[in-house]
Amino acid sequence: LFGEDKFDTVVDTFSLCVMGNEGAKHCLEEMAMVVKKQEDGGQILLIENTRASNPLLGYYQDITASTAADVGGKGCIYNQNVGEMIKQTKGLQIVREEAFAAGLFRSFTCQKIFPS
């Protein structure tokens, strides 16, 4: 739709969880395609729901995520491993990752390291 290397910055907040795992992976691939390369100042800024750093809270998320997504959670799969999804996206690297609220939410700054 937009073409490659068109945007200085791509911003996404709390939407990967509602796309499902495959949809989120596809969305990250699209972000990697449209953002400019690292040497041209391109960056991707994300704030997302993620699986908690706290093991007990993470376990709770794991056993409730599907039900919560189906019943009133607007489809949000709130225990995704967004960091791992980013690492598996060809051409993207995480420059900075910060956890909030016991890791329930994370911010990511990513850059394209080579054409996707």
Side-chain angles (χ1 to χ4, degrees):
L1 180 66
F2 295 108
E4 292 188 32
D5 303 322
K6 297 294 183 185
F7 295 97
D8 296 325
T9 303
V10 175
V11 178
D12 179 69
T13 58
F14 300 110
S15 68
L16 294 179
C17 71
V18 297
M19 295 178 193
N21 290 326
E22 290 307 310
K25 290 174 189 175
H26 179 71
C27 186
L28 287 166
E29 290 167 357
E30 288 293 315
M31 289 181 207
M33 182 184 73
V34 301
V35 73
K36 291 180 179 178
K37 298 178 194 90
Q38 174 185 1
E39 58 267 17
D40 296 328
Q43 63 179 349
I44 298 172
L45 305 174
L46 306 170
I47 300 176
E48 298 294 339
N49 294 296
T50 58
R51 189 178 188 281
S53 306
N54 177 296
L56 185 58
L57 190 52
Y59 174 73
Y60 173 79
Q61 285 179 284
D62 291 343
I63 62 173
T64 62
S66 295
T67 302
D70 293 340
V71 183
K74 300 179 183 176
C76 179
I77 303 168
Y78 57 64
N79 66 335
Q80 287 177 321
N81 187 340
V82 177
E84 191 57 35
M85 287 180 180
I86 295 167
K87 291 174 187 171
Q88 291 178 5
T89 302
K90 181 180 176 183
L92 283 187
Q93 71 174 3
I94 298 171
V95 177
R96 182 175 177 188
E97 178 179 346
E98 191 171 350
F100 303 93
L104 288 171
F105 313 107
R106 292 182 189 272
S107 67
F108 299 91
T109 302
C110 308
Q111 292 179 327
K112 184 191 302 190
I113 52 175
F114 56 85
S116 56

Measuring from Asp12:CG to Phe108:CZ, what's the distance to the nearest 0.5 Å? 11.5 Å
State whether the side chain of Asn54 and the backbone N or O of Leu56 hold a donor-acceptor pair below 3.5 Å, judged by distance alone. yes
Decide yes or no for Leu28 and Leu46: does some side-chain heavy atom of the first lie under 4.5 Å from some side-chain heavy atom of the second? yes
Is there side-chain contact between Thr109 and Gln43, with heavy atoms separated by less than 4.5 Å? yes
Pairing residues for Thr13 by the side-chain hydrogen bond (donor to acceptor under 3.5 Å, both in side chains) criterion, not counting sequence neighbours: none
Sequence neighbours excluded, every pair satisfying disulfide (SG to SG under 2.5 Å) that has a member inside residues 8-48: Cys17-Cys76
Mind checking the OG-CD spacing from Ser107 to Glu48? Nearest 0.5 Å is all I need. 10.5 Å
Tyr78 side chain near Thr64 side chain, heavy-atom distance below 4.5 Å: yes
Within a radius of less than 6.0 Å around OH of Tyr60, do more than 12 heavy atoms belonging to other residues, nucleotides or ligands occur? no
Do you know which two heavy atoms are closest between Gly103 and Ser53, and how far apart they sit? CA-OG, 3.6 Å
For Lys87, which of Asn81, Leu92, Ile94, Val82 qualifies under side-chain contact (heavy atoms from CB on, under 4.5 Å)? Ile94
Could you check whether any side-chain heavy atom of Asn49 comes within less than 4.5 Å of a side-chain heavy atom of Phe14, counting everything from C-beta outward? yes
Can you confirm whether more than 12 heavy atoms, excluding those of Tyr59, are under 6.0 Å from its OH atom? no
Can you find a heavy atom in the side chain of Met85 that is under 4.5 Å from one in the side chain of Gln80? yes
Sub-4.5 Å side-chain heavy-atom contact between Glu22 and His26: no
Would you indicate whether the side-chain heavy atoms of Thr9 and Leu45 approach each other to under 4.5 Å? yes
Treating Gln61 as the side-chain partner and Thr50 as the backbone partner, does any N or O pair qualify as donor plus acceptor under 3.5 Å? yes
Taking only Lys NZ, Arg NE, NH1 and NH2, and the carboxylate oxygens of Asp or Glu, determine whether Glu98 and Arg106 approach each other closer than 4.0 Å. no
Validation row: Leu16, Met31 side chains within 4.5 angstrom (heavy atoms): yes
Do the side chains of Ile86 and Phe7 join up, straight or via other hydrophobic residues, at under 4.5 Å, putting them in one cluster? yes
Lys112/Asp5 salt bridge by N-O under 4.0 Å criterion: yes
